[in-house]
Enquirer: 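Before I ask anything, let me first share the structure, which is written out below as structure tokens.
These figures come from a predicted structure and were not determined experimentally. Letters A, B, ... are given to chains in the order of the sequence lines, protein chains preceding strands, and every chain is numbered from 1.
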Protein chains: 2
Amino acid sequence: MSRMGMSSNDHQPKQQKPSLSRERVVAAAIAILDGEGENALTFRALAKSLSTGSGAIYWHVADKRTLLAAATEHVLSEAIAQSGRGTHPADAVRDVALGVFDVIEAHPWVGTELAREPWQPAMTTLFEKISAGFDAMGVPRSALFYCGSALVQYLLGFAAQAAAAARHDFQSQDRTEVLTTLVARWTQGEPADYPYVHLLADELRSHDEREAFLAGLDLILAGARNLQG
Amino acid sequence: MSRMGMSSNDHQPKQQKPSLSRERVVAAAIAILDGEGENALTFRALAKSLSTGSGAIYWHVADKRTLLAAATEHVLSEAIAQSGRGTHPADAVRDVALGVFDVIEAHPWVGTELAREPWQPAMTTLFEKISAGFDAMGVPRSALFYCGSALVQYLLGFAAQAAAAARHDFQSQDRTEVLTTLVARWTQGEPADYPYVHLLADELRSHDEREAFLAGLDLILAGARNLQG
DNA sequence: ACCTGAACACCGTTCAAGT
DNA sequence: ACCTGAACACCGTTCAAGT
């Protein structure tokens, strides 16, 4: 018990690089996806950021699809596992959906991945939770499946849209202008034929994303409540 | 035996190949997408099917993203333009959504494309139509945007799921088995923790796709009706 | 068991050269 | 104006060879 101090650290070992592991690979992939965008994730870039060869990565993950799924699972599973609180069942369902909303806002590439591969393991946990919520809300057994599916689809649609928006913003910064140009191109100089689209464009410029998400969610919840007993 | 007519085939004109055009390129792309799947569409395959060089295609379409968008637009726009009939406004909205449903069932790659690039021109027309429907249903102006967005997102989520399912079916034929294995992997031998997921799996095996789609749609319509002034 | 990095089999896209 | 097809700059993935 003598030996105070940092004797174990005295002669610091030469900066030895930590060995690879599946977790480190996934963590590095997430860092690239978050920091440089979806297109920046290549096995070469990943190998460089891990100071290794591109072939080494294949020892820890089967292929790129698996890597993307693992990255998605990593950021999604915890959020979903911890969500679902709320005094009323409908609040619990809202809380689960908002958990996914927040993850996608923070990591838009998760939206892309969910839109391509909806049934990640974490989404199964999500389905379980929201089904339990609908059940507690009094939705009849026979309609549980429809309600759960509808909510998941609403979520996936939001994921797709958010991811596409993030991709576009990534390369042309000016969100408002992009939108105006887009609507103008759509309506091709006949704005009178597309009054609602122009309303959409105005709302898109001013709306609060989270609020709109919740409003859509509430439509489904109201529809589900409508099915009670 | 030796001489059965066929005189109409006498001195056939020399097989002169028709010149390329944007429409022919898009049509050939659709044929490949429908017949051989999304992965089969490459500029080389396209060039071969058109008996030309891969570089020639670039004279008619800017790049692959544009080509995919044009193909999507081609199969989607007509369906959407002709849809929206119905005596009651809600029926009209249903009819528009079902139009997209049918297109995706017939061309699953449209689902993939919509999930990646939601705001194709045809989708703008769709938004216009369903907004008009909600308006006619009595939804207040301030909620039109939410209702339209929610319906579009539900549609996009369905598109993503249908496309993913089609991709999986494409390479492993046995739909039922794929599903069972998937659910088994998700629930990792603790089926008691995932009762609703097992319900989902059972329903997925037996449900009618169109009916489920409509049921989810009606949740949103019911929610919207709930907003009536 | 784990890592290296060159090599392979593709891609989308470009472009000098042809008609 | 339109087409050709080789060439370029990437990819994901493999694999003999190293430790």
Enquirer: Rounded to whole angstroms, how far apart are CG on B:Asp63 and C1' on C:dC11?
Expert: 14 Å
Enquirer: Without decimals, in angstroms, what is the distance between A:Phe43 CZ and D:dT14 P?
Expert: 10 Å
Enquirer: Give the nucleotide from the list C:dC3, D:dG12, C:dT13 with an atom nearest to the side chain of A:Tyr58.
Expert: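 Nearest to the side chain of A:Tyr58 among the choices is D:dG12.
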Enquirer: If you assign each of A:Ser54 and B:Ser54 to its closest nucleotide in DNA chain C, which residue comes earlier from the 5' end?
Expert: A:Ser54
Enquirer: Base, sugar-phosphate or nothing for B:Leu67? Non-hydrogen atoms, less than 4.0 Å.
Expert: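 The answer is nothing, as B:Leu67 stays clear of every strand by at least 4.0 Å.
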Enquirer: Rounding to an integer number of Å, can you tell me how far A:Leu46 CG sits from C:dC3 P?
Expert: 13 Å
Enquirer: Nearest 0.5 Å please: distance from the CG atom of A:Asp63 over to the CD1 atom of A:Ile57.
Expert: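 Here the rounded value is 12.5 Å.
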Enquirer: Within this structure, what is the NZ-to-P distance between A:Lys48 and C:dG5, rounded to whole angstrom?
Expert: 13 Å
Enquirer: Among C:dC3, D:dT13, C:dT13, which nucleotide sits nearest the side chain of A:Lys64?
Expert: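 When the side chain of A:Lys64 is considered, D:dT13 is the closest of C:dC3, D:dT13, C:dT13.
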Enquirer: Could you please name the partner base of D:dC8, counting Watson-Crick and G-U wobble pairs only when both distances are under 3.5 Å?
Expert: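 The base-pairing partner of D:dC8, which may sit in any strand shown, is C:dG12.
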Enquirer: Between B:Arg44 and B:Gly53, which has a closest nucleotide on DNA chain D that is more 5'?
Expert: B:Gly53
Enquirer: Taking OP1 and OP2 of D:dC2, is either one under 4.0 Å from a side-chain nitrogen or oxygen of B:Trp59?
Expert: yes
Enquirer: Between B:Phe43 and B:Tyr58, what is the ring plane arrangement, given parallel below 30°, perpendicular above 60°, and tilted in between?
Expert: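 Ring orientation of B:Phe43 relative to B:Tyr58: parallel.
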Enquirer: Parallel under 30°, tilted from 30 to 60°, perpendicular over 60°: which one fits the rings of B:Phe127 and B:Trp119?
Expert: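 It falls in the perpendicular class, over 60°.
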Enquirer: Give the rounded distance in Å between these two atoms: CZ of A:Arg24 and C1' of C:dC2.
Expert: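 That distance rounds to 14 Å.
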Enquirer: Output the rounded distance in Å from CD1 (B:Ile57) to C1' (D:dA1).
Expert: 18 Å
Enquirer: Kindly give the heavy-atom pair with the smallest separation between B:Ser83 and B:Val96, and that separation in Å.
Expert: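 Of all heavy-atom pairs spanning B:Ser83 and B:Val96, the closest is OG-CA, 3.4 Å.
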Enquirer: Between atom CD in A:Glu38 and atom P in D:dC11, what is the gap in whole Å?
Expert: 15 Å
Enquirer: Starting at CG of B:Leu41 and ending at P of C:dG12, how long is that distance when rounded to a whole Å?
Expert: 7 Å
Enquirer: With a sphere of 6.0 Å drawn around CD of B:Glu78, does it hold more than 12 non-hydrogen atoms of other residues, nucleotides or ligands?
Expert: no
Enquirer: Go ahead and name the base partner of C:dG18; Watson-Crick or wobble counts if both distances stay under 3.5 Å, otherwise write none.
Expert: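 Result: D:dC2.
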Enquirer: So which nucleotide from D:dC3, D:dG12, C:dC3 ends up closest to the side chain of B:Ser19?
Expert: D:dC3
